[in-house]
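What's counted below: heavy atoms across the whole structure, side chains too, no hydrogens, waters or symmetry copies. Here the structure is a predicted model, which means the values were calculated and not measured. Residue numbers begin at 1 in each chain, while the letters A, B, ... track the order of the sequences.
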Amino acid sequence: MAEMTLIEAVRETLRGEMRRDPDIFMMGEDIGPRGGVFLASEGFVEEFGAERVMNTPLAESSIIGIALGAAVNGMRPVAEIQFADFVWPAINQLVGEAARVRYGTNGGKIAPMTVRVPYGGGVRGGLYHSQSIEVLFAHTPGLQVIAPATPWDARGLLRSAIRSNDPTVFLEHKRTYRLVRGEAPDEEYTEPIGKADVKRAGKDISLIAYGLMLHYSLQAAEIVSQSDGIETEVVDLRTLRPIDSETILDSVSRTGRALIVQEDTGAVSVSSEVSAIIASEGFFDLDAPVMRVTPPEIPPMPFSPLQEAEYMPSPDKIAAAIRRLAEV
Amino acid sequence: MAEMTLIEAVRETLRGEMRRDPDIFMMGEDIGPRGGVFLASEGFVEEFGAERVMNTPLAESSIIGIALGAAVNGMRPVAEIQFADFVWPAINQLVGEAARVRYGTNGGKIAPMTVRVPYGGGVRGGLYHSQSIEVLFAHTPGLQVIAPATPWDARGLLRSAIRSNDPTVFLEHKRTYRLVRGEAPDEEYTEPIGKADVKRAGKDISLIAYGLMLHYSLQAAEIVSQSDGIETEVVDLRTLRPIDSETILDSVSRTGRALIVQEDTGAVSVSSEVSAIIASEGFFDLDAPVMRVTPPEIPPMPFSPLQEAEYMPSPDKIAAAIRRLAEV
Amino acid sequence: MQTIIRVMRPSPSHTTAEQELLLPDGLTPERLLDAYKTMCLSRALDIRIWTLNRQGKAAIAASAQGHEAAQVATVMATDPTRDRYLIYYRQLTATLMLGTTPTEMLMQFLAKDGEILSGARQFPLHGAHPRVDLFSFSNVVGTQLPQAVGVALADKMKGRDAVTISFFGDGAASQGDCHEAMNFAGIHKVPVVFLCENNRYAISVPLEQQMPVESIAARASSYGIAGIEVDGTDVVSAYEAVSTAVDRARSGSGATLVEMRVERLLPHTTDDDHTRYRSQEDIERMRDLDPLPITEMMLKRHGILDEATDAGFKEWARRLVDNATDEVENMPFPPVGEMYSGVLEEVSGGTSNG
Amino acid sequence: MQTIIRVMRPSPSHTTAEQELLLPDGLTPERLLDAYKTMCLSRALDIRIWTLNRQGKAAIAASAQGHEAAQVATVMATDPTRDRYLIYYRQLTATLMLGTTPTEMLMQFLAKDGEILSGARQFPLHGAHPRVDLFSFSNVVGTQLPQAVGVALADKMKGRDAVTISFFGDGAASQGDCHEAMNFAGIHKVPVVFLCENNRYAISVPLEQQMPVESIAARASSYGIAGIEVDGTDVVSAYEAVSTAVDRARSGSGATLVEMRVERLLPHTTDDDHTRYRSQEDIERMRDLDPLPITEMMLKRHGILDEATDAGFKEWARRLVDNATDEVENMPFPPVGEMYSGVLEEVSGGTSNG
Ligand SMILES: Cc1ncc(C[n+]2csc(CCOP(=O)(O)OP(=O)(O)O)c2C)c(N)n1
Ligand SMILES: Cc1ncc(C[n+]2csc(CCOP(=O)(O)OP(=O)(O)O)c2C)c(N)n1
Ligand SMILES: [Mg+2]
Ligand SMILES: [Mg+2]
């Protein structure tokens with residue numbers, strides 16, 4: 001089976017989908033001859049031409065607005081926002097417009113479009129190349145939001161996103177691009193949007209995470225397993241909208257303890273919603289408070305290395321939280 | 001004491017602050033001779049002149065970007081976004097820029113600016129004149145977010161917002177503008193940002209709400225008090241960032257039951273965070289699941305009258321939820 | 001390529017002199033008469049809608065009064081069987097001209113069950129039309145401009161012979177999206193017509209507070225596209241201007257910015273009172289620019305319209321609107337249950353509205 | 001008011017002919033020499049920073065190589081004691097010219113404790129300067145343009161005699177914020193200079209894919225402001241252009257858009273490889289437009305600079321940069337605890353970080 005990095009999984013999936021369906025085209029800044037700043041489209045303009053791998057002007061609102069217009073007129077655009085921190089100018093077209101097209105036209109028009117957004121920190125990106133931007137998207141009816149953590153899921157879920165008939169935000173954690181390797185076969189397979197995945201089985205604590213934090217959480221689970229014999233079940237959320245309550249609640253029903261780990265700041269976030277789901281629907285299964293590991297409430301995240309490291313949840317910090325929760 | 005509507009409280013507070021401090025100026029669409037579409041600045045241009053009550057072009061990003069520039073250069077702009085549904089083009093300047101100015105300059109520059117945003121539904125506004133847009137702001141470090149429900153609080157908190165040295169989003173529920181009357185004296189008083197307020201005492205259930213829902217919740221509390229003798233304590237959040245955990249947890253510690261009522265859709269929202277706070281810090285006080293009353297997960301909100309009514313949480317729906325929670 | 005064509009006043013419709021009317025290609029006396037007939041219907045319907053609002057039956061309405069000639073001319077210069085129309089709330093006349101019935105129009109304003117554009121989920125004139133490719137996704141001013149460019153880009157990629165018309169106002173011209181849309185359209189020569197109905201006001205904000213320049217059309221030069229400024233109360237000139245733009249788009253020459261000078265004869269919407277911000281003489285003066293009498297006089301002057309026909313049109317319009325009103329007032333609102341569906345595609349394994 | 005002034009090539013710096021150099025008001029041989037000295041320092045520092053990145057010591061760097069003449073000229077044409085500068089990441093030379101020391105510059109790139117702009121919370125050249133009113137809030141391209149208009153508006157409201165310079169690139173010109181900022185500036189005649197350093201590339205996107213027109217300056221006509229296009233490798237012409245703009249601003253005539261034609265001699269940043277998207281001859285050709293030799297030759301041709309002085313400048317620059325490097329490399333990073341403060345004002349009753 002094919003072992004590859006997460007960025008390779010993204011690139012090979014895009015290549016395969018572009019070959020499969022001529023209605024798919026890509027647009028974004030520097031995705032042409034440059035191949036994208038993360039090389040997600042390296043070599044694409046040579047294979048597919050400048051029209052299907054379109055360099056755009058430096059104007060995010062129009063990147064999404066134009067993708068939306070093309071989507072309602074029969075195309076399947078895959079737009080790239082170069083860094084998540086620069087998605088803000090496009091919020092109006094994405095959250096205000098695209099998300100409401102199917103509903104607001106009573107099904108008269110649909111917007112089958114995918115917006116790829118490299119996000120996340122731990123890359124010395126400072127305040128404007130490290131942001132997590134999932135909250136508003138995960139809140140918005142009419143959007144699907146995906147945040148894979150492994151090459152396998154990136155491949156299976158990006159296929160599902162591109163083939164879906166609704167606007168989908170596909171979040172790729174920059175730190176995982178080259179850090180994470182794994183199997184992601186060329187075979188045609190898809191992973192379902194809206195389904196979480198138990199990445200590690202355990203009886204003592206349910207840990208819910210996504211993106212880079214999924215990997216740090218798995219490391220933490222190993223640490224506490226060795227050091228304290230605590231067996232942590234690690235649930236990979238994978239999709240942030242809709243959130244898979246069923247898988248979360250099933251896990252908590254077996255462990256009685258829930259810990260949510262998130263790189264984004266905690267207040268009014270995805271981790272809040274997971275807590276709320278457990279506190280309402282899983283309450284009688286709980287033996288302890290629903291706990292969270294999130295960064296301090298400061299703008300993500302400082303450029304200087306020590307402060308950046310302090311900001312990011314780490315395997316050790318997560319392990320410590322697991323131990324605290326196990327003792328409650 | 002002066003009885004007035006909420007829109008009058010806003011107008012009189014703005015008038016008083018404009019008279020008090022010459023560095024304050026207002027900018028927005030139609031706030032000049034038109035007096036604003038809700039007449040929040042009726043008569044202002046005559047008193048303060050066209051420069052301090054500035055009609056802007058139809059361009060929200062620049063309204064906030066220009067206000068921010070003026071704020072870091074010694075002014076205290078009060079910008080108006082005509083309807084919350086049109087704040088999306090300004091997200092980049094508000095969330096991406098203004099919120100991070102103090103932190104990102106290490107205190108070298110500050111942004112004392114207030115952004116007034118009329119929001120909310122139940123006004124036959126359809127998909128684009130009914131939205132609640134608090135989630136992203138309530139999530140963002142560096143912003144303060146205020147959502148008053150009464151003329152008294154509107155007055156005391158708008159004063160605090162304008163006098164604060166940090167960017168503050170001030171949410172005014174359109175339905176409450178003329179629906180809600182109450183005392184709001186001309187005397188100089190302020191209400192503290194970041195403090196919730198218990199609007200009704202009760203021993204059985206803690207109900208947390210804000211904006212229009214605060215009033216529907218108070219009505220529901222009366223209904224169940226009469227019909228079932230259930231005494232509901234109603235906590236008015238008032239500030240959505242930072243959220244006043246202390247007041248919430250104190251109430252729950254006395255009632256053991258928590259119900260959060262919100263007009264905005266529930267997934268990844270302020271109601272999620274309130275649930276999360278209670279589920280982590282108030283867990284051992286809880287006798288029942290943390291429940292929420294929120295609308296269906298559809299784009300807020302249909303234009304046709306029956307569907308709009310079905311979308312909005314109502315006193316009856318809230319009363320029913322209180323009864324269910326009381327029985328758990 | 002930066003032609004600035006200007007069709008200046010006084011234009012045919014305004015000159016009283018008995019000069020011959022030279023009709024541009026594709027415009028016949030019959031089509032002019034038909035367009036005028038639709039203008040009469042639009043005006044009658046527009047007045048009725050305002051009344052229904054005052055009676056508390058229509059929640060909100062924006063009027064097309066003053067814009068009628070510009071809109072019938074625009075539709076006449078396009079091909080509804082293949083072209084696409086991104087409108088905003090003020091295109092009542094264009095929507096009628098594209099074959100929407102008065103009943104279908106009133107159902108939007110009264111939010112009745114079966115409303116064709118959005119199932120009454122949205123304000124009037126928002127949603128998507130089932131018979132022509134006319135749509136408007138939101139009330140957010142200016143968003144349709146990049147969307148229109150994307151629609152036209154798709155047609156260009158697919159080699160489809162369709163032209164996209166993007167209506168917008170003088171206020172929308174200030175949005176960043178307007179700049180981004182026109183810049184992209186210029187780079188990629190997409191078959192789009194940016195159709196600005198400049199009525200000198202954005203709610204209460206007058207043109208001089210909206211932009212520091214006289215001509216919106218002249219901004220075309222910043223984007224390497226053509227710009228045309230035309231008197232939008234003159235149906236013949238307006239037709240000529242849009243035809244030029246549509247021909248450019250069809251022939252692969254790319255985008256054109258057409259600025260139509262019109263007057264907004266009523267307040268911004270039924271919620272507005274323009275006496276708060278418009279001077280009496282401004283309100284008086286604009287009445288001279290009502291496209292209905294202007295068109296009526298022009299057609300009569302050139303022997304295309306006679307008194308009897310004119311009276312017939314107006315009587316026909318009144319009856320049509322009366323009947324539609326009775327019909328629609330008795331219709332039910334959409335059933336509550338319908339609001340829950342159609343957020344996302346209902347996929348096998350049940351819908352997910354989450 | 002829509003003057004388009006064009007200073008076309010060949011300009012004084014490029015003509016080899018022995019013609020007399022006419023210096024515009026305010027520009028003396030001494031100032032030119034001082035500017036050239038700063039250009040030498042900027043170049044030496046720029047090269048060093050690139051090396052520090054390759055050594056893994058500087059996380060990221062954007063180079064000003066090719067932009068030096070444009071930036072020293074801009075600063076010379078303004079008054080640092082009262083004017084304001086909204087820069088972006090490429091204004092290394094301007095920041096030096098405004099009195100920032102090489103040590104202070106290197107502390108930004110190595111993120112050391114006490115870094116003056118942001119306390120090393122942000123990328124180099126981001127934050128606010130403690131001695132001059134120079135700042136850059138974010139890496140988000142184009143956001144500084146409306147902000148600069150707001151800054152200038154405040155000065156106009158307060159009757160302060162300050163001019164705001166807003167630096168931006170050819171890519172930033174595509175952002176909606178650019179349109180909105182210039183439109184507002186035109187309406188309210190705010191004292192701002194929009195200073196575009198057009199280096200023909202936005203990372204890898206060439207000008208012809210960024211906009212369909214030849215001249216960014218010409219867009220000034222869409223906003224009723226003045227537009228000036230100038231050769232940014234020619235320090236004298238560039239000074240003249242910015243002086244004209246600054247004079248307009250001070251005299252209450254409002255905003256000016258100055259477009260400086262320059263070359264980006266290195267890849268976009270240390271993360272970039274421009275051979276992926278630039279042709280060999282394009283890369284060759286641009287070397288002829290290196291402002292350092294151009295300025296050096298011009299000054300020598302006119303007897304302002306001699307070999308000895310030139311060698312002295314370069315030696316001085318090398319030593320300054322060497323010393324700064326040793327000094328900064330040994331500095332500590334900011335203490336971890338400092339990251340928690342300063343999100344909101346620390347109000348009595350303890351801080352609230354939200
Ligand atoms: C982004 C946005 N901001 C504000 C509004 C509120 N609003 C609705 S219509 C309008 C004026 C539009 O003027 P114009 O573009 O000239 O069109 P007109 O109504 O004159 O035809 C405004 C400000 C809106 N709908 N969208
Ligand atoms: C809104 C936004 N989108 C994308 C980026 C990524 N990015 C950083 S610099 C740059 C190119 C800027 O080009 P230009 O404005 O010409 O300035 P230059 O670097 O050439 O001086 C891009 C696309 C960004 N920083 N901000
Ligand atoms: Mg208008
Ligand atoms: Mg550039």
For chain C, find which of Ser62(A), Pro22(A), Pro77(A), Gly108(A) contributes the most heavy-atom pairs closer than 4.5 angstrom.
Ser62(A)
Residue among Ile63(A), Asn165(A), Leu68(A) with most heavy-atom pairs under 4.5 Å to chain C
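Result: the option with the highest number of such pairs is Asn165(A).
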Give, as side chain, backbone, both or neither, the part of Ala67(A) having an atom under 4.5 angstrom from any heavy atom of chain C.
neither
Could you tell me which portion of Arg102(A) (side chain, backbone, both or neither) has an atom closer than 4.5 angstrom to a non-hydrogen atom of chain C?
both
Please list, in residue-number order, every residue in residues 86-125 of chain C that has a heavy atom less than 4.5 Å from any heavy atom of chain A; write 'none' if there are none.
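Leu117(C), Ser118(C), Gly119(C), Arg121(C), Gln122(C) fall under the 4.5 Å cut-off.
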Sort by residue number and list every member of residues 129-143 of chain C having a non-hydrogen atom under 4.5 Å from chain A.
Asp133(C), Phe135(C), Phe137(C), Ser138(C), Val140(C), Thr143(C)
Any donor-acceptor pair under 3.5 Å linking the side chain of [X] with the backbone of [Y]?
X: Thr190(A); Y: Glu188(A); answer: no
X: Ser41(A); Y: Gly35(A); answer: yes
X: Asp197(A); Y: Arg238(A); answer: no
X: Tyr103(A); Y: Met339(C); answer: yes
X: Arg76(A); Y: Met113(A); answer: no
X: Arg248(C); Y: Ala255(C); answer: yes
X: Asn73(A); Y: Val151(C); answer: yes
X: Asp83(C); Y: Asp79(C); answer: yes

Inter-chain contacts: residues 85-99 of chain A against chain C, heavy atoms under 4.5 Å:
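Heavy-atom contacts from residues 85-99 of chain A to chain C are Asn92(A), Gln93(A), Glu97(A).
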Could you tell me whether Arg15(A) sits above the aromatic face of Phe44(A), with NZ or CZ closer than 6.0 angstrom to the six-membered ring centre and within 45 degrees of the axis?
no
Sorted by chain and number, sequence neighbours left out, side chain to side chain donor-acceptor pair (under 3.5 Å) with Glu273(A) holds for Ser272(B), Arg292(B)
